[in-house]
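Here is the structure we will look at.
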Amino acid sequence: WALSELHKKNLLYEGHKVIAWWAQGGTALSNAEVSEGYKTVEDPSVYVRLPLVDEPSTHLIAWTTTPWTLPSNCYAAVNAKYEYAYLLDRETETQLIVAAAEIEAMRKRLNRELVLVGTVPGKDLIGKKYIPPFDWFHGTKEFKDVDYWRVIAADFVTVGGQDLAKRRTGTGIVHVAPAFGQDDFGTLQRENQDRRKAGRPELPLVCPVNPNGTFDPEQAKTEGVAGLFVKDADKVLIRDLEERDLLLHRENCKHTYPFCPRSDKDPLIYIARPAWYIRTTQEIQRAIDNNAQIGWLPETIGQGRFGDFL
């Protein structure tokens with residue numbers, strides 16, 4: 001009855017949410033459960049070339065510790081407030097774009113000279129089109145008119161990151177795959193909100209991963225990846241990038257990663273899963289007004305803990 005009433009009032013809707021997912025068990029975990037399963041692990045840390053469409057010898061350099069998410073790449077995010085450097089790599093005769101704050105770290109990482117050609121503010125990179133690291137969706141009939149694979153601005157982009165071994169990580173350019181991260185998914189949600197207001201069709205969610213954590217054979221175009229568990233596909237995808245000269249650098253990154261506390265050998269994955277939701281925000285002011293009429297003991301709870309929750 002309650003659900004039918006919510007449906008009548010247009011408060012029930014189907015959507016997606018990025019959750020911590022135990023693929024082997026087919027269930028989501030709460031934040032409390034996730035916090036119990038963190039381990040210190042070493043994962044592949046890759047620096048990937050994203051050639052600009054209009055300047056094929058100029059490459060955005062994106063960094064990730066989840067290579068398995070690269071086939072689902074939709075954006076490259078920069079921080080509009082940062083300065084970005086064009087570096088000439090004489091070894092490959094290409095120009096690399098990274099945050100200016102990461103120049104010395106990049107030279108040290110590659111162990112070779114990178115000549116500074118010039119710098120631009122991050123806002124000047126916004127809108128530039130690039131070729132994604134994998135062509136599972138790019139160039140296909142279904143995605144021909146989809147406005148993906150371009151540079152966007154995002155405040156979550158930072159510089160100066162370190163792993164647990166105190167090695168500097170990152171480039172100031174973030175690979176964004178909306179189906180596999182909170183910030184990533186939030187980016188797509190905001191974009192689609194703007195598109196709805198403008199009367200434009202929403203962008204689709206790109207997710208070639210099955211609920212059991214394996215790559216969908218109908219979407220996985222890289223040889224040897226179809227049917228693999230995502231973490232097991234890292235090596236195959238990295239090798240493919242290297243063979244196509246899109247892997248600038250690879251090392252291992254020591255960091256903490258969540259595993260399922262019910263089965264501590266199973267790594268969790270963050271993935272957007274479909275579910276039914278209630279539009280609580282539609283009635284939020286009514287809830288706040290009702291809360292003000294309640295005689296809370298102690299009084300601070302009403303405006304404090306519970307008020308903050310509302």
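The structure presented is a predicted model; accordingly, all values stated were derived computationally and were not measured.
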Would you call [X] and [Y] a salt bridge, taking side-chain N to carboxylate O under 4.0 Å as the test?
{"X": "E242", "Y": "R250", "answer": "no"}
{"X": "E91", "Y": "R112", "answer": "yes"}
{"X": "R244", "Y": "D240", "answer": "yes"}
{"X": "R90", "Y": "E113", "answer": "no"}
{"X": "D43", "Y": "K231", "answer": "yes"}
{"X": "D308", "Y": "R305", "answer": "no"}

How many angstroms lie between atom [atom1] of [X] and atom [atom2] of [Y], to the nearest 0.5 angstrom?
{"X": "Q282", "Y": "T280", "atom1": "CD", "atom2": "OG1", "answer": "9.5 Å"}
{"X": "N73", "Y": "I131", "atom1": "CG", "atom2": "CD1", "answer": "12.5 Å"}
{"X": "L87", "Y": "L96", "atom1": "CG", "atom2": "CG", "answer": "6.0 Å"}
{"X": "K221", "Y": "H138", "atom1": "NZ", "atom2": "NE2", "answer": "10.5 Å"}
{"X": "W276", "Y": "E14", "atom1": "CH2", "atom2": "CD", "answer": "4.5 Å"}
{"X": "K128", "Y": "L60", "atom1": "NZ", "atom2": "CG", "answer": "9.0 Å"}

Can you confirm whether more than 12 heavy atoms, excluding those of [X], are under 6.0 Å from its [atom1] atom?
{"X": "E299", "atom1": "CD", "result": "no"}
{"X": "N111", "atom1": "CG", "result": "no"}
{"X": "E251", "atom1": "CD", "result": "yes"}
{"X": "E223", "atom1": "CD", "result": "no"}
{"X": "Q303", "atom1": "CD", "result": "no"}
{"X": "K17", "atom1": "NZ", "result": "no"}
{"X": "K108", "atom1": "NZ", "result": "no"}

Do D147 and K129 pass the salt bridge (charged side-chain N to carboxylate O under 4.0 Å, His left out) test, and can you show the C-alpha distance, the side-chain angles, and the key distance before you say yes or no? CA-CA 10 Å; D147 193 22; K129 291 279 191 175; 2.9 Å; yes
Is any side-chain heavy atom of [X] less than 4.5 Å from a side-chain heavy atom of [Y]?
{"X": "V41", "Y": "T256", "answer": "no"}
{"X": "W21", "Y": "V209", "answer": "no"}
{"X": "P204", "Y": "V146", "answer": "yes"}
{"X": "M106", "Y": "L248", "answer": "yes"}
{"X": "Y148", "Y": "L203", "answer": "yes"}

Aromatic plane relationship, [Y] with [X] - under 30° parallel, 30 to 60° tilted, over 60° perpendicular:
{"X": "W68", "Y": "F180", "result": "perpendicular"}
{"X": "F215", "Y": "W136", "result": "perpendicular"}
{"X": "Y257", "Y": "F259", "result": "perpendicular"}

State whether the side chain of [X] and the backbone N or O of [Y] hold a donor-acceptor pair below 3.5 Å, judged by distance alone.
{"X": "E102", "Y": "G160", "value": "yes"}
{"X": "E83", "Y": "G122", "value": "no"}
{"X": "R196", "Y": "E191", "value": "no"}
{"X": "N79", "Y": "K81", "value": "yes"}

Looking only at the aromatic ring of each residue, does the gap between the centers of Y277 and Y13 stay below 6.0 angstrom? yes
Centroid-centroid distance, W63 to H175, less than 6.0 Å: no
Any chance the side chains of [X] and [Y] put a donor and an acceptor closer than 3.5 Å?
{"X": "T69", "Y": "T66", "result": "yes"}
{"X": "E5", "Y": "H7", "result": "no"}
{"X": "Q285", "Y": "D289", "result": "yes"}
{"X": "D184", "Y": "T187", "result": "no"}

Group every Ile, Leu, Val, Met, Phe, Trp and Tyr by side-chain heavy-atom contacts under 4.5 Å, then state whether L52 and V98 land in the same group. no
Cluster overlap V159 with L114, hydrophobic side-chain contacts below 4.5 Å: no
Under the side chain to side chain donor-acceptor pair (under 3.5 Å) test, residues paired with K144 that sit two or more places apart: none
Which of these passes side-chain contact (heavy atoms from CB on, under 4.5 Å) with P133: L247, L70, L237? L70
Do R262's NZ or CZ and the ring of W22 fall within the cation-pi criteria of under 6.0 Å and 45°? no
Does R49 count as lying over the ring of Y130, i.e. NZ or CZ under 6.0 Å from the six-ring centre, within 45 degrees of the axis? no
Which heavy atom in A77 sits nearest to a heavy atom in A154, and how many Å separate them? CB-CB, 3.9 Å
